[in-house]
2 protein chains.
Amino acid sequence: MPSKSQARRAQLRERLVEAAESRIAREGLGELRARDLARDAGCALGAIYNAFEDLNAIVMAVNGRTFRALGQAVSDSFDGSEAPVQRLIVMSTAYLRFADAHTNLWRALFELKMTQDGPVPDWYREALAGLFGLISEPVSQIFPEMKREELELMTRALFSSVHGIVSLGLENRISGVPPEQIERMIGQVLRQIGNN
Amino acid sequence: MPSKSQARRAQLRERLVEAAESRIAREGLGELRARDLARDAGCALGAIYNAFEDLNAIVMAVNGRTFRALGQAVSDSFDGSEAPVQRLIVMSTAYLRFADAHTNLWRALFELKMTQDGPVPDWYREALAGLFGLISEPVSQIFPEMKREELELMTRALFSSVHGIVSLGLENRISGVPPEQIERMIGQVLRQIGNN
DNA sequence: GGCTATTCCTGAACATGGTTCAGGAAAGGA
DNA sequence: TCCTTTCCTGAACCATGTTCAGGAATAGCC
């Protein structure tokens, strides 16, 4: 039964997500407009609400893509031969590069939930858990004496630290600095943490 | 010459900032409405735009207060007798406590600039510089061999790290954890950095 | 105090943008 | 082919920030 109707619906969904992604990437989440989206995707304004619950759902779909791409970029950044601290640095640098290259998309990842109050979708938690999983391996090598609970906290703490450094570092308006300096900050902190 | 007119204007500004602060504190920046503000402050809708350039300017005024209060909280948290690492931990804990106690106001500090693109007001940069100044003292004690430029980066890096830990830690929707755990994460990272 | 210019206040109106909906078009099934 | 269902359309609705014409209060001046 899902021959024409469903296919068209799926295509429309795809076009909408594509259009939203490109517009967010170009102009930021705050510039996303339902009417622009409809025009870009070649559909009527109301059709958006047939394909998606609301604009938010589209942004969520875009965030899903972004999160997958981010995870991929971090996964691909190391080959397993690095020493633990070095691997953390390499992964963090990949995180920074991704955030710097796709700032608006990356920022949308965090802007949406700040604003909204609905439940976080499963894929969101899972994607974050995946990232944490990548980090926890080198962390447990660096701190072999730590118990699991403490390791989890440390993993989270290091991710948050790197995220904070990247986040404020890319924030041109308050405390922005060039990416090389952000990279140096990440190195300073992670190396310092590894050298005890 | 600024007898009645100016006084009334000043009072209105004060009432508006007060009302905005209380509403942001209660419901978050996203729930701020011009019409609510006018009602709370007992003035007409249009009067807002006589006292302030726009809603943003009011939020900026609120942010100014918040930033001052935050700086005060951090300043007051240590007495100078602490060892450098301990002082960093104490200051960071004060930062966490403030953010936890006034989450919406604290978050407004960072939400606004993300969205907007105008120039950051001077007091903003100065307030941040003040915070950095508080941090740089213990940091330079911990790393006496570092050059000034490297110290500045490290100061910024540590502030960003703590900010990241607090920020993601208080984010109930992604990776929120109870404040005691946030405090433990801060301690883990800062102690580790001091112990080399 | 009275008079005029200025300044301020008011709330209706405007602009923008997300969302809905009645009516028509297309698809599915017989 | 015909009926049902489903979808699409864009005008309308609603919320919200901002502006503005007209009236009220104030300020300066004699």
Side-chain angles (χ1 to χ4, degrees), chain A residues 1-24 26-63 108 111-118, chain B residues 1-17 19-21 23-24 26-63 108 111-118:
Chain A
M1 47 306 255
S3 67
K4 240 178 183 168
S5 213
Q6 305 266 41
R8 279 166 64 84
R9 184 200 190 80
Q11 282 183 329
L12 177 56
R13 286 174 65 96
E14 176 62 21
R15 286 205 309 280
L16 282 169
V17 173
E18 207 88 53
E21 179 176 80
S22 125
R23 208 165 264 272
I24 293 174
R26 259 184 299 125
E27 321 194 355
L29 183 57
E31 297 303 304
L32 195 64
R33 301 281 176 272
R35 284 161 180 81
D36 293 340
L37 230 48
R39 190 149 20 78
D40 292 352
C43 72
L45 183 55
I48 292 175
Y49 297 88
N50 192 306
F52 285 95
E53 178 65 19
D54 54 18
L55 275 200
N56 239 310
I58 303 185
V59 177
M60 276 311 215
V62 172
N63 280 350
E111 275 172 31
L112 191 53
K113 326 138 303 44
M114 305 287 214
T115 316
Q116 293 278 315
D117 251 331
Chain B
M1 44 305 261
S3 67
K4 238 179 185 170
S5 212
Q6 305 266 41
R8 277 165 63 85
R9 183 199 192 81
Q11 281 183 329
L12 177 56
R13 287 175 65 96
E14 177 61 21
R15 285 205 311 278
L16 282 169
V17 173
E21 180 176 80
R23 208 164 265 271
I24 293 174
R26 259 184 299 125
E27 322 193 358
L29 184 56
E31 297 302 305
L32 195 65
R33 301 281 175 273
R35 284 162 179 80
D36 294 340
L37 230 49
R39 190 149 20 78
D40 292 352
C43 71
L45 184 54
I48 291 175
Y49 297 89
N50 192 307
F52 285 95
E53 178 65 18
D54 53 18
L55 276 200
N56 239 309
I58 302 185
V59 176
M60 276 310 215
V62 172
N63 279 350
E111 275 171 31
L112 192 54
K113 328 135 306 46
M114 304 287 214
T115 315
Q116 294 277 315
D117 251 332

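Numbers restart at 1 for each chain; the letters A, B, ... are given by sequence-line order, proteins then strands. Just so we're clear, the structure is a prediction, and the values are computed from it rather than from any experiment.
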request  = Would you please confirm or rule out a distance under 4.0 Å between OP1 or OP2 of C/dT19 and any side-chain N or O of A/Tyr49?
outcome  = yes

Under 3.5 Å, N/O pairs linking protein and nucleotides 22-25 of chain D:
none

Looking only at heavy atoms, the pair that brings A/Val62 and A/Glu21 closest together is CG2-N, 3.8 Å

Whole-Å distance, A/Arg9 CZ to D/dC8 P, equals 7 Å

When rounded to whole Å, the CD1 to P distance for the pair A/Ile58 and C/dG18 reads 10 Å

Between A/Leu55 and A/Ala34, the two heavy atoms sitting closest are CD1-N, 4.0 Å

Here the pair of heavy atoms bringing A/Leu112 nearest to A/Met60 is CD2-SD, 3.5 Å

Quick test: give all pairs of protein nitrogen or oxygen and nucleotides 11-13 of chain D nitrogen or oxygen below 3.5 Å, distance rounded to 0.1 Å.
none

Per nearest nucleotide of DNA chain C, the residue lying toward the 5' end, B/Gly42 or A/Leu55, is B/Gly42

When rounded to whole Å, the CG to P distance for the pair A/Asn50 and C/dA26 reads 16 Å

From CD of A/Gln11 across to P of D/dC7 the rounded distance in Å is 15 Å

Whole-Å distance, A/Leu32 CG to C/dG18 P, equals 7 Å

Here the distance between atom P of C/dT16 and atom CG of A/Asp36, to the nearest Å, is 12 Å

Rounded to the nearest 0.5 Å, the CZ atom of A/Arg35 sits from the CZ atom of A/Arg39 at a distance of 10.5 Å

Checking the side chain of B/Arg23 only, and the main-chain atoms of B/Leu32 only, is there a donor and an acceptor separated by less than 3.5 Å? no

Hey, is the main chain of A/Ala57 close enough, under 3.5 Å, to the side chain of A/Asp54 for a donor-acceptor pair?
yes

A/Leu16 CG to D/dC8 C1', in whole Å, measures 13 Å

Are the side chains of A/Asp40 and A/Glu18 in touch, meaning some heavy atoms are under 4.5 Å apart?
-> no

Rounded to whole Å, the CD1-P distance (B/Ile48 to C/dA12) equals 15 Å

Note to self: Does B/Leu12 form a side-chain contact (heavy atoms from CB on, under 4.5 Å) with B/Leu16? I'd like the steps, not just the answer.
What the structure shows: CA-CA 6 Å; B/Leu12 177 56; B/Leu16 282 169; 3.9 Å; yes

In this structure, CD1 of B/Ile24 is separated from CD1 of B/Ile58 (nearest 0.5 Å) by 9.0 Å

Taking D/dT9, D/dT18, C/dG18 as options, the one with an atom nearest any side-chain atom of A/Cys43 is D/dT9

